[in-house]
**Student:** 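Before we start, here is the structure in question, set down as structure tokens.
By convention in this document, chain letters (A, B, ...) are assigned in the order of the sequence lines, proteins followed by strands, and residues within each chain are numbered from 1.
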Amino acid sequence: MPGHVFLRLAPAGLSKLAAELTDGIVAVSATNGKTTTSAMLSAIIGRDQVVCRNGAGANLMTGIATTLVTRPGNATIGVLEVDEAALPGVTKQLAPSVLLLGNLFRDQLDRHGELEMVADRWRELVATLAPSTTLVLGADDPVIDGLAGTRANVVRFGIDDPGVSLGVQDAAADSTFCVRCGTAYVYDEMYLGHLGSYRCPQGDHQRGKLDIAARHVHSDGIRGTTFRVDAPDGSTEVSLPLPGLYNVENALGAIAAAYALGIPTAVAADRLAQFNAAFGRFERIAVGDREAVLLLFKNPTGANEALRAINNDVANTQVVLALNDRIADGRDISWIWDIDLEDALTPAAHITCTGTRAAELAVRLRYSGVPAEQMTTVAAPEAAFDAAVAATAPGGRIFVLATYTAMLDLHGVLADRGLTQPFWQEQA
Amino acid sequence: MTLRIVPLYPELLSIYADRGNVRVLEQRARWRGLPVEVVPLALGDSFDPRSADVVLVGGGQDRDQALVAEALIAQVPALRSAIADGVPVLAVCGGYQLLGHRYVDQSGRDTPGTGLVDLETQAGATRLVGNVVVDVDLAGTRHELVGFENHAGRTILGPGVAPLGKVIVGGGNDGTGTSEGCLEGRIVGTYVHGPLLPKNVWLADQLIAWACEHRGLPTTLAPLDDQLEDVAAAAASILARSERR
Ligand SMILES: [Zn+2]
């Protein structure tokens, strides 16, 4: 029975359904990384328990109802990612035992209203949250950290490593003004966008003490990232087969939520080492004797982080950029001008722009200094991909950066050709 | 003689990727061999009317608007003097609203603006969101302005103020889909938000020409190869017209 029928027949039924999951529900929300974080947490929990999990396309009230109605009969625990705007309503129904709030970035304003509005609704939500719910917070985001207030049952996670600080403020940064008094924060470290170690010069807010912290972070390009996680139950080395600080944040969130559920950090870290990328998130696909690396992007911060992650590997490769403006991508494509594109792709051999808004990407590249002969515009994503593959020598690599529906289209094409054999098998 | 592009408070007024406009002005000047620099005005700084050849005011979050308004109002005498001296101003979205006398939000709270242009804005019940096409007559030449709007404000122009153009697709100033933006001398205000100059290079070049005139440089600009921009503008126009709201 689809969720919307269920909700119409039994509007209060969602909370009853949720209560049937005897080990509780973890609700996960964030602008960036909620799908990957949920997938990681499911991979950790899934070794011991049957997990009821939704996907990115089912994170509104009806999608969650559908997920619960159609769940495996032996599922005992839920890991549900929830859309930022839908979170307050959904949380009231689900009464989660753990609520993980990762970050809030400017994203698709045409759908959600402004960042501050969502933040206000999250503040109201936390104020009415049952005391038994453990609040897991991405403390590197000042707005999220500020949600803790005087609450007792809180687990904070974050990165604590000056070695990976950007040093300069990212142009895409939001929320850099004190949540208490409005003064600009001073950042001792800034990792991505407005995430970092910050303090208000007036002294009324600074990043809280981290319960789960990543230290000694080392990047190995697109091959992965290693770091040490320091937790109340000890320190563990984590070897994550995913690139980028973004995924360090995602992994910390998953470890922190697992910790809140009573799973030791060492166990969670070990299980993350075998984690496979979720759809289009650094997914690696063999195309004959070449390799395609698929990177989803949907906002400047995510795109900047993706560009940073491929930075050491992009020289002399073919790059496909795919920009769609359907509802799931965000109708407004202004954000491509907030990407730090200047110099990022100049080492590439060639860039092919595609998608419903391919022409806008070409203009963006022109103004970031990419010469005309280094780029092409091809309307159909499939043709753009094939051109890039044809121009790549055997053993070479193609990078594909695409917005959600463009990635979906391309993924469909590759699946039809029997190519979607990921290098890392999915765990969840 | 360096052309000076001055974005006002970009740390607060660049929510919709307004830095795209700065980038386009800077590059188009540079490609023509004009020395150019971007000198942002930071919060707490005073605007020096002799320091700018073109001024940009972008869009901000609602909660920052009052903070910005207060800072901006303190610069009004200096801004007036620059405008009187021929410095062009491009004000977009929230920045456009700040040109007026006031912004009244949904709760009735009244935030004063700069009053640089005789207009005022009141929040409507719904947001006007989507692709837009505007028919603009600038100095006797007709152009199509294409882009995206996302605003709750309904702006009413004073009797002596001309709109920037006539709406072909979109909500425009007040949601009735008639007039869009304002044009008073060299002050251009518009709800076509964020990076509008990349697809509307005729407007970018008009601003550069005005800036050159202010700086005492030749105002005839060498043509550039704008194929990519023209294709993007045409594609955006076709897309907007196909989904006429
Ligand atoms: Zn403060």
Side-chain angles (χ1 to χ4, degrees), chain A residues 106 108-120 169 171-177 179 181-184 194 299-300 323 325-327 330-342 353 355-372 375-377 379, chain B residues 10-12 14-28 30-31 42-44 59-67 92-93 127-131 147-152 192-199 201 204 224-236 239 243:
Chain A
R106 216 157 55 205
Q108 304 181 6
L109 297 176
D110 45 336
R111 282 201 306 143
H112 288 164
E114 294 178 356
L115 172 71
E116 186 58 20
M117 217 159 73
V118 175
D120 281 342
Q169 186 156 329
D174 318 288
S175 297
T176 47
F177 297 92
V179 294
C181 71
T183 309
H194 63 285
N299 55 27
L323 176 66
D325 68 347
R326 302 195 188 121
I327 288 167
R331 299 302 322 273
D332 182 9
I333 50 128
S334 298
W335 60 273
I336 63 171
W337 289 87
D338 265 337
I339 305 174
D340 295 327
L341 216 47
E342 278 65 21
C353 303
T356 57
R357 292 294 203 149
E360 310 259 353
L361 278 174
V363 172
R364 176 71 188 92
L365 288 173
R366 167 164 147 88
Y367 283 90
S368 71
V370 175
M375 57 171 153
T376 326
T377 303
Chain B
E11 69 272 47
L12 291 173
S14 57
I15 178 154
Y16 295 112
D18 294 87
R19 73 173 173 141
N21 294 328
V22 180
R23 187 74 188 156
V24 167
L25 290 178
E26 187 187 7
Q27 285 287 49
R28 294 183 73 80
R30 191 165 288 144
W31 288 336
L43 214 55
Q61 297 234 12
D62 282 349
R63 71 164 167 162
D64 297 332
Q65 202 93 343
L67 184 68
V92 175
C93 212
R127 289 190 84 81
L128 303 168
V129 184
N131 291 307
F148 197 90
E149 67 179 339
N150 181 349
H151 56 104
V192 178
H193 82 184
L196 76 154
L197 296 184
K199 281 197 296 288
V201 289
L224 298 172
D225 177 2
D226 289 331
Q227 247 186 95
L228 291 176
E229 291 87 337
D230 293 344
V231 170
L239 187 75
E243 58 190 18

**Student:** Indicate yes or no: at least one non-hydrogen side-chain atom of A/Thr356 is less than 4.5 angstrom from one of A/Arg326.
**Tutor:** yes
**Student:** With sequence neighbours excluded, what pairs up with B/Asp230 under the salt bridge (charged side-chain N to carboxylate O under 4.0 Å, His left out) test?
**Tutor:**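 With neighbours one apart ignored, the set is empty.
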**Student:** Can you tell which part of B/Val22 gets under 4.5 Å to a heavy atom of chain A, answering side chain, backbone, both or neither?
**Tutor:**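 Neither; nothing under 4.5 Å.
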**Student:** For A/Arg357, check salt bridge (charged side-chain N to carboxylate O under 4.0 Å, His left out) against everything at least two apart and list the hits.
**Tutor:**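 Checked A/Arg357 against salt bridge (charged side-chain N to carboxylate O under 4.0 Å, His left out); matches are A/Asp325, A/Glu360.
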**Student:** Check each atom of B/Asn21 against the heavy atoms of chain A and say whether the ones under 4.5 Å are side chain, backbone, both or neither.
**Tutor:**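 Answer is neither: B/Asn21 stays 4.5 Å or more from chain A.
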**Student:** What part of B/Ala152 gets within 4.5 angstrom of chain A, counting heavy atoms only: side chain, backbone, both, or neither?
**Tutor:** neither
**Student:** Got a donor-acceptor contact below 3.5 angstrom from the A/Arg331 side chain to the B/Gly130 backbone?
**Tutor:**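 Such a contact is absent between A/Arg331 side chain and B/Gly130 backbone.
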**Student:** Pick whichever of A/Ser334, A/Ala372, A/Ala359 has the most heavy-atom pairs under 4.5 Å with chain B.
**Tutor:**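 Highest number of pairs under 4.5 Å: A/Ser334.
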**Student:** Under a 4.5 Å heavy-atom cut-off, does chain B meet the side chain of A/Leu361, its backbone, both or neither?
**Tutor:**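 Answer is neither: A/Leu361 stays 4.5 Å or more from chain B.
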**Student:** Taking side chain as everything from C-beta outward and backbone as N, CA, C, O, which of these in B/Leu12 sits under 4.5 Å from a heavy atom of chain A? Side chain, backbone, both or neither.
**Tutor:**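 Interface part for B/Leu12: side chain.
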**Student:** Side chain to side chain contact (heavy atoms under 4.5 Å, CB included) with B/Glu229: which of B/Val201, B/Val24, B/Leu197?
**Tutor:**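 Between B/Glu229 and the candidates, side chain to side chain contact (heavy atoms under 4.5 Å, CB included) is satisfied uniquely by B/Val201.
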**Student:** Is any side-chain N of the basic residue among B/Asp226 and B/Arg28 closer than 4.0 Å to the acidic one's carboxylate O?
**Tutor:**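 Between B/Arg28 and B/Asp226 there is a salt bridge, with a charged N closer than 4.0 Å to a carboxylate O.
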**Student:** Any idea which of B/Ala234, B/Ala235, B/Pro198 has the most non-hydrogen atom pairs under 4.5 angstrom with chain A?
**Tutor:**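 Result: the option with the highest number of such pairs is B/Pro198.
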**Student:** Side chain from CB out, backbone as N, CA, C, O: work out which of these in A/Ser368 comes under 4.5 Å of a heavy atom of chain B, or both, or neither.
**Tutor:**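 When you check distances to chain B, only backbone atoms of A/Ser368 fall under 4.5 Å.
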